[in-house]
Q: 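I have a structure here, written as structure tokens, and I will follow up with some questions on it.
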Amino acid sequence: MRRYGWPRAARSRCSRRSQEGDTRSMSNQPYETYEPYPLSQPLPPEVPAPAAPPYGAPSSGAPLHAEVPSDVGRAHPSLPQSLKGLGGPPAERLPTTETAAQRARAEGRSPIIEPGVQPAALTAVLGLLLSGAAAVGQYALLVPLVVLQAVTAAGWFRLNGMWPARQGIALAFAGALVADAALLVAGRGNEPAAILGTLSVWVLLALVLQLRSHAAPDERMYGLMATVASAALAIVAAGHLAAEPDAVTVGGLAVAAAVLVNAALRALSLPSVVSVVLAAAAASGAGVAVVGMASLSGGADGTQGALLGLGAGVCALIGHRVAAYDYPSRFVHMTAGVALPLAAAAPAVYVLGRGLGLG
């Protein structure tokens with residue numbers, strides 16, 4: 001048994017190469033050993049992350065907002081004098097405009113805001129136009145009456161906070177025009193049927209349109225009530241066209257006197273009761289003055305003029321008060337505050353004119 005070593009063939013080859021001078025000779029040196037891979041170290045134990053603070057709570061780390069330098073917002077000293085004012089804070093550059101209604105609501109004051117002298121003057125002008133046109137004829141009276149009905153329809157929707165309500169305003173105004181046409185076609189003696197018939201048809205039409213709406217039930221009910229009320233006021237204002245011309249003449253001047261006196265006294269900060277009583281007295285006096293100065297066809301006396309003026313003036317003051325309710329805006333004052341006194345006085349002018357025999 002031979003000793004462990006290189007095989008015989010390999011030893012013969014190596015000896016032959018060494019004899020030939022070959023430098024590539026195999027050596028009996030052992031193979032080079034490699035270092036083993038280092039063992040993986042164990043991971044450090046897990047440390048639970050700190051709980052995040054609730055939303056909105058200030059953190060204990062860095063501040064939420066960096067400090068603003070004290071010179072931010074100030075005008076640069078090298079800017080021209082005309083541009084230095086642009087570097088101030090926004091509150092100084094853009095002053096906020098607050099309406100009287102918003103200011104009264106924020107301060108918790110009364111929701112009643114009187115329209116003022118300017119809407120009262122416009123009401124007086126429109127009343128004088130109705131009074132003068134009634135003395136000319138029905139078709140002349142139709143011009144200021146249509147203006148009154150349009151402003152009434154728009155003002156009532158704006159008073160209820162519904163704007164723009166084009167469909168409702170158009171529906172109410174169309175009802176007023178139909179009532180005017182029905183009065184002209186029906187003639188004297190059929191005025192109640194023409195007005196009530198138009199009103200009933202328009203209430204049914206408004207109900208059908210609201211049932212077809214896809215709004216919420218509460219919104220549909222609110223829109224239905226506003227549409228019906230606006231159409232009713234605009235149609236009832238046609239009572240000026242249905243009334244006797246002499247009654248319209250007295251009623252228009254009485255409304256103008258009542259609204260102007262009430263607005264003037266309220267501007268002087270007098271109590272409401274005092275201003276209402278004096279305004280009603282002014283309306284009654286205006287009725288007496290019109291009957292005394294004008295040669296009315298019915299031969300009315302001062303008592304009839306006083307009663308008609310008093311009734312029209314009281315209804316006008318009610319309409320004027322309604323237009324002042326629930327923090328109204330300036331636009332409400334210039335629409336509902338102008339039209340509602342005359343629209344509310346129309347039934348009194350028609351009923352009292354017929355009952356007292358004017359015309």
Side-chain angles (χ1 to χ4, degrees), residues 97-131 148 151-152 155-156 158-161 233 237 249-293 302-349 352:
T97 57
E98 188 178 18
T99 62
Q102 295 173 345
R103 188 162 51 251
R105 187 187 297 271
E107 295 175 359
R109 290 185 290 170
S110 172
I112 304 296
I113 300 178
E114 294 292 334
V117 178
Q118 187 175 1
L122 294 177
T123 303
V125 170
L126 193 54
L128 292 176
L129 290 176
L130 289 172
S131 180
L148 170 63
V151 179
T152 301
W156 185 260
R158 191 64 184 91
L159 180 63
N160 285 269
L233 287 171
T249 302
V250 175
L253 290 175
V255 170
V259 174
L260 279 178
V261 170
N262 180 68
L265 295 178
R266 293 298 297 164
L268 298 176
S269 301
L270 291 180
S272 300
V273 177
V274 177
S275 61
V276 168
V277 171
L278 293 179
S284 180
V288 174
V290 171
V291 171
M293 291 187 300
T303 304
Q304 294 173 327
L307 292 177
L308 179 58
L310 179 62
V314 170
C315 291
L317 292 175
I318 293 174
H320 191 74
R321 185 71 170 182
V322 170
Y325 182 68
D326 198 15
Y327 301 104
S329 63
R330 187 62 178 170
F331 186 79
V332 174
H333 286 164
M334 299 303 293
T335 52
V338 172
L340 285 184
L342 288 167
V349 171
L352 292 178

Q: Is the shortest side-chain heavy-atom distance between Trp156 and Leu340 below 4.5 Å?
A: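 Yes, close enough: below the 4.5 Å cut-off.
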Q: Please identify each residue that fulfils side-chain hydrogen bond (donor to acceptor under 3.5 Å, both in side chains) with Thr303, with sequence neighbours left out.
A: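 In terms of side-chain hydrogen bond (donor to acceptor under 3.5 Å, both in side chains), with neighbours along the sequence ignored, Thr303 is linked to no residue.
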Q: Using ring pair (Phe, Tyr, Trp, His ring centres under 6.0 Å) as the criterion, list what pairs up with Phe331, not counting sequence neighbours.
A: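 Applying ring pair (Phe, Tyr, Trp, His ring centres under 6.0 Å) to Phe331 gives Trp163.
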Q: I need the Leu310 CG to Cys315 SG distance, nearest 0.5 Å.
A: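 Output value for this atom pair is 9.5 Å.
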Q: Are Gln304 and Val250 close enough that some pair of their side-chain heavy atoms sits under 4.5 Å apart?
A: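 When only atoms from C-beta onward are counted, Val250 and Gln304 do not touch, as no gap falls below 4.5 Å.
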Q: Which residue pairs pass the side chain to side chain donor-acceptor pair (under 3.5 Å) test when at least one of the two sits in residues 308-321, sequence neighbours left out?
A: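 Qualifying pairs: Glu114-Arg321.
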Q: Determine whether a donor-acceptor pair (N or O, by modelled atom type, separation under 3.5 Å) exists between the side chain of Ser284 and the backbone of Ala281.
A: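 The answer is no, because no donor-acceptor pair under 3.5 Å joins these two groups.
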Q: Any chance you could measure Leu253, atom CG, to Leu308, atom CG, to the nearest 0.5 Å?
A: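 Output value for this atom pair is 10.5 Å.
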Q: Which salt bridge (Lys or Arg N to Asp or Glu O under 4.0 Å) pairs, counting each pair once, include a residue from residues 302-312, with sequence neighbours left out?
A: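 Every candidate salt bridge (Lys or Arg N to Asp or Glu O under 4.0 Å) pair involving residues 302-312 fails, so no pair, neighbours aside, qualifies.
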Q: Before you tell me yes or no, could you show the steps for Leu122 and Met334 under side-chain contact (heavy atoms from CB on, under 4.5 Å), namely the whole-Å CA-CA distance, both residues' side-chain angles and the distance that decides it to 0.1 Å?
A: CA-CA 8 Å; Leu122 294 177; Met334 299 303 293; 3.2 Å; yes
Q: In chain order, what residues pass the side chain to side chain contact (heavy atoms under 4.5 Å, CB included) check against Leu270, with sequence neighbours excluded?
A: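 Listed in chain order: Leu265, Leu268.
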Q: Just by distance, do the side chain of Thr123 and the backbone of Pro119 share a donor-acceptor pair under 3.5 Å?
A: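 Judged by distance alone, yes, a pair lies under 3.5 Å.
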Q: Looking only at heavy atoms, which two atoms of Ala280 and Val314 are closest? And how far apart?
A: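 For Ala280 versus Val314, the nearest heavy atoms are CB-CG2, 4.4 Å.
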Q: Could you measure the distance from the CG atom of Leu317 to the OG atom of Ser272? Nearest 0.5 Å is fine.
A: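 The OG atom of Ser272 is 11.0 Å from CG of Leu317, to the nearest 0.5 Å.
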Q: With sequence neighbours left out, write down each residue that passes salt bridge (Lys or Arg N to Asp or Glu O under 4.0 Å) with Arg158, or none if nothing qualifies.
A: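 Here no residue qualifies.
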Q: Using a 4.5 Å cut-off on heavy atoms from C-beta on, say whether the side chain of Leu148 contacts that of Leu129.
A: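 A side-chain contact is absent here, since even the closest heavy-atom pair is not under 4.5 Å.
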